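Report on one structure; see the data block that follows.
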Amino acid sequence: MSKFVLIDGHSILNRAFYGVPIFTNSEGLHTNAVFGFLNIMFKIIDSKQPDYMAVAFDVHQPTFRHEMFKDYKGTRKPMMEELREQVPVIKELLQKMNITTVELPGYEADDVIGTLSKKGEKAGMEVDVISGDRDLLQLASDHITICIPKTKKGQTTVEEYNTEGVRKLYKVTPTEFIDVKALMGDSSDNIPGVPGIGEKGATAIISQFGSIENAYDHADEISNTRNRNALLNNYEMAQMSKTLATINIQSPVEVTPEQCKLEDIYTEDALEMIKRLEFKSMIQRFGSVTSTNDCEGGFKYINNPFDADPIFEQAKNAENVGIFIYRNKDNFGVSLCFNNGNVYYIGKEGFVTEDYIIEKVRDLVNAKAKLTILNIKENNDILGNDDVESIFDISIAAYLLNPLQNTYDYDDIAREYLGMNVPAFDEIFPKTKKSETPSDEIPENILKYACYNAYVAYKAKDALTEKLKETEMLDIYNNVEIPLTYALYDMEQAGIMVAGDKLKEYGERLKTGIDALEKDIYAEAGHEFNINSPKQLGEILFGEMQLPGGKKTKTGYSTSASVLEKLEPDYPFVSKILEYRQLAKLKSTYADGLAVYIGKDNRIHGKFNQTITATGRISSTEPNLQNIPVRMPLGREIRKVFIPKEGCVFIDADYSQIELRILAHMSDDKNLIDAYNHSKDIHAATASLVFHVPLEEVTKEQRSNAKAVNFGIVYGISSFGLSNDLSISRKEAEQYIKDYFISYPGIKNYLDNSVKKAKEKGYSVTMFGRRRPIPELTSGNFMQRQFGERVAMNSPIQGSAADIMKIAMINVAKELKEKDLKSKIVLQVHDELLIEAYENEVEQVKDILKRNMEQAAHLNVPLDVDVQVGNNWDEAH
DNA sequence: ACGCTCACG
DNA sequence: ACGTACGTGAGCGTC
């Protein structure tokens, strides 16, 4: 079936304008919105592969009534000049790309889209409408999908709605959605709506009656009196709103869907213009015009040493060698791409054995060949390297440049930094899991996959290096992230020993407890049910048993611990559920969950990921060793099964309040710095200042409240969050915060400045120059923007702490190696390092840990590290 | 695939 | 008027 894509021009341009930092070309022409628009459009063309396409624009340039810009429609605040000047540019470019643009005097773009989409559907096309606006949802049908690109954490994801999608979200059909909108109104579209009826009321009424008219005729059946009266008193207003809200699907558009046939869009004219706009990363898309693709077809399969040897030799002296190591259970090979433009895949076959390939790769490493690879850590078993100078890691570079991406595969990097669309793993190996490419895989596919990987690595190195320089992150790349990769590799290799039999026993103990609780709970409830199902549990507690505390989540009742804890005093039976939950969690996630990862060496070799978090922390998976219980005694028991090997002990070192100390340093607040220099107990000192009591008279409660405030500050305080945490009123929480900022004026100043700077630049920065983009700061949504502000306050602090720990780890690992000690880092838990230390090395290791961790950074307050020794993780912590 | 819940810093 | 503390990962149930 043919695919017809319709783009809401102004809406997408507007989104692009706010989603892309403002910039100009060297002529001074603003181009950011055009750039963003093209990115979105290319993404759509790649993913939807449309046969037909058109872009609709509103005819009238917006009129300007107010100083401040709000949105692109003329009825509202005016469009910013920087955006307005880009409208003709994108139109011209689209024309040069032979893409149909449509505008109709007297009608809105919505009407054009509505009309064309329905015509397309009638002609048997599959229609996709691309818009940032929810208004268009009324057009959805079984063959018309409304696609709304969303920027989530800097990533654009697309929400798609057909009839079913709209029904799921709003509980009404797309046509009924018009009535919903008419009732609730939309200030941004100048639809008045019915005063007193909001989104909730509107959906309730329309899902019951189907239309405003029908609801009016049966007004006596509207159960909510407020809604009923609102409708009765404003019926005319509602009808007028409906007219305004309805998109005209019979506007006199002249072009037919068939005339929107998508021809070659990568024309000479368009390329010319792309060059003038200076969208360098997009030039490659027009490759077919300028030159043939310099990579595809240049893939060469090599299966004998006579051909392979000289290739490895050439690679030794090349300026840059993209390399990829392919392996699955039966295949093995290495692909290389360097100066001469060819990409070679040397695969295991005949005389080319696995050992031969490994030896040749090691030769390259030892010869200090300038290798570029997607991921050093995953390949270091073969690279066998700890020379941090010679190998470039493109995934780590890409992560530093934008830590918000979900993946850093070669295809992502090609798209982002080379403006190229290369086939991804899933496209080359359809419906195959990455970990297990089948042994009978077609050799051409392996060749293609391996060569694209090496090619992208080769190509991307310079682009990434350049960007790292531009963003002043080359230093943190070279001196923190890359050395860390090797430290993490060693840590993963080391693994941690776990007493499997003890873990099993622990699980059995939990099982006994769970069974008993289960019986009690069934007895109280009167029948059996799945306690693990929040849905069933909610229905039983709040439905059948009629406990107070109504709905909270979208899907039903909330049964979270915080809700249940409030019920506990009045309904002791609820504690059984809480206790059950606790035991069930411990059993499934930890007792049973960890057991499957214990290897033949009695150790767990978890993964420590370096390209996941937004702030720069590392993350832990398969299993997660960074969330092993510690707060509750029963959970803490698990830590006793983590043990050092024979002849070793554990040494645990953790930073004391590193984030607050960083806050003291970065804010340069005199009082907080003084508090750290004079008091051991920072929370008590804070309590004393905030509550105006002498230090000695601070009560336990005051101290713990002050502690909560301290945490809150680091998280980007909000009165709501604090009030929730402390179970106090928002008013009280507000007062606490006020008093806190009076006590520490430097902190207030610093946090305000963090937000201000982040808004100016679009990202926040740590002490060591690590950046985190915060796209939420420019969101039109108040809540999102507030989230962005909290992130702007928290990220530099959390991120700097992460940087410091990374530096410490590198230095600890380095000194252990230099001194030829056999002790090894086995775990990192954000502010804690666990070392498996040989008994005769204990004193030395303690010193190495404390010294390197405390000296990892020089702040204007001391960094304090607690070091403890024990025979299991619990004892050492 | 996604939401809920809960474990950690 | 609205719904929030920051950063993660895993297991489970539900769709």
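The chains referred to below are lettered A, B, ... by the order of the sequence lines, with proteins before strands, and numbering in each begins at 1. What you see is a predicted model, and the numbers here were worked out from it, not measured in a lab.
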### Pairs involving residues 719-728 of chain A, ordered by first then second residue, that meet salt bridge (charged side-chain N to carboxylate O under 4.0 Å, His left out) (sequence neighbours left out)
none
Below the 4.0 Å mark, does [N] have OP1 or OP2 next to a side-chain nitrogen or oxygen of [X]?
X: A:Thr615; N: C:dT8; answer: no
X: A:Arg785; N: C:dT4; answer: no
X: A:Thr559; N: B:dT5; answer: yes
X: A:Arg631; N: B:dG9; answer: yes

Please report, rounded to the nearest Å, how far the [atom2] atom of [N] is from the [atom1] atom of [X].
X: A:Glu659; N: C:dT8; atom1: CD; atom2: C1'; value: 13 Å
X: A:Glu159; N: B:dA1; atom1: CD; atom2: P; value: 17 Å
X: A:Asn406; N: C:dT8; atom1: CG; atom2: C1'; value: 14 Å
X: A:Phe542; N: B:dC4; atom1: CZ; atom2: C1'; value: 14 Å
X: A:Leu751; N: C:dC6; atom1: CG; atom2: P; value: 14 Å
X: A:Phe608; N: B:dC8; atom1: CZ; atom2: C1'; value: 13 Å
X: A:Lys607; N: C:dT8; atom1: NZ; atom2: P; value: 18 Å
X: A:Lys587; N: B:dT5; atom1: NZ; atom2: P; value: 22 Å

Indicate yes or no for a side-chain donor-acceptor contact from [X] to the backbone of [Y] under 3.5 Å, with no hydrogens or angles considered.
X: A:Arg603; Y: A:Gly495; answer: yes
X: A:Asn794; Y: A:Arg790; answer: no
X: A:Ser800; Y: A:Ile797; answer: no
X: A:Tyr399; Y: A:Thr613; answer: yes

Within the structure shown, what part of the strands sits under 4.0 Å from [X] by heavy-atom distance: base, sugar-phosphate, or nothing?
X: A:Gly712; result: base
X: A:Val630; result: sugar-phosphate
X: A:Ala792; result: nothing
X: A:Thr613; result: sugar-phosphate
X: A:Ile628; result: sugar-phosphate
X: A:Ala584; result: nothing
X: A:Ser558; result: sugar-phosphate
X: A:Ala561; result: sugar-phosphate

### Query
With no angle test and no hydrogens, is the base of C:dT8 tied to the side chain of A:Arg617 by a donor-acceptor pair under 3.5 Å?
no
### Query
Is the A:Tyr736 to A:Tyr740 ring centre distance short of 6.0 Å?
no
### Query
Does the distance from a Lys or Arg side-chain N to an Asp or Glu carboxylate O, for A:Lys607 and A:Glu378, drop under 4.0 Å?
no
### Task
Using a strict 4.0 Å threshold on nitrogen-to-oxygen distance, state whether A:Lys576 and A:Glu579 make a salt bridge.
no
Provide the distance between the two [atom1] atoms, one in [N] and one in [M], to the nearest whole Å.
N: B:dT5; M: C:dC2; atom1: P; result: 22 Å
N: B:dC4; M: C:dG3; atom1: P; result: 14 Å
N: B:dC2; M: C:dA5; atom1: C1'; result: 23 Å

### Query
For the residue pair A:Leu578 and A:Ala561, what are the closest heavy atoms and their distance?
CD2-CA, 3.9 Å
### Message
Could you check whether any side-chain heavy atom of A:Leu594 comes within less than 4.5 Å of a side-chain heavy atom of A:Ile638, counting everything from C-beta outward?
### Response
yes
### Query
Which of the following nucleotides, C:dG7, B:dA7, C:dT4, is nearest to the side chain of A:Gln582?
B:dA7
### Shortest side-chain distance from A:His830, nucleotide among C:dT4, C:dG7, B:dT5
C:dG7
### Plane angle bin for A:His683 and A:Phe711 - parallel if under 30°, tilted between 30 and 60°, otherwise perpendicular
parallel
## Note on the structure
Dot-bracket assigned to DNA chain C with the 3.5 Å Watson-Crick/G-U criterion, [ ] for crossing and | for other-strand pairs, is .....|||||||||.
#### Entry: Per-nucleotide protein contact string for nucleotides 9-15 of chain C (B base, S sugar-phosphate only, - none; heavy atom under 4.0 Å)
BBSSSSS
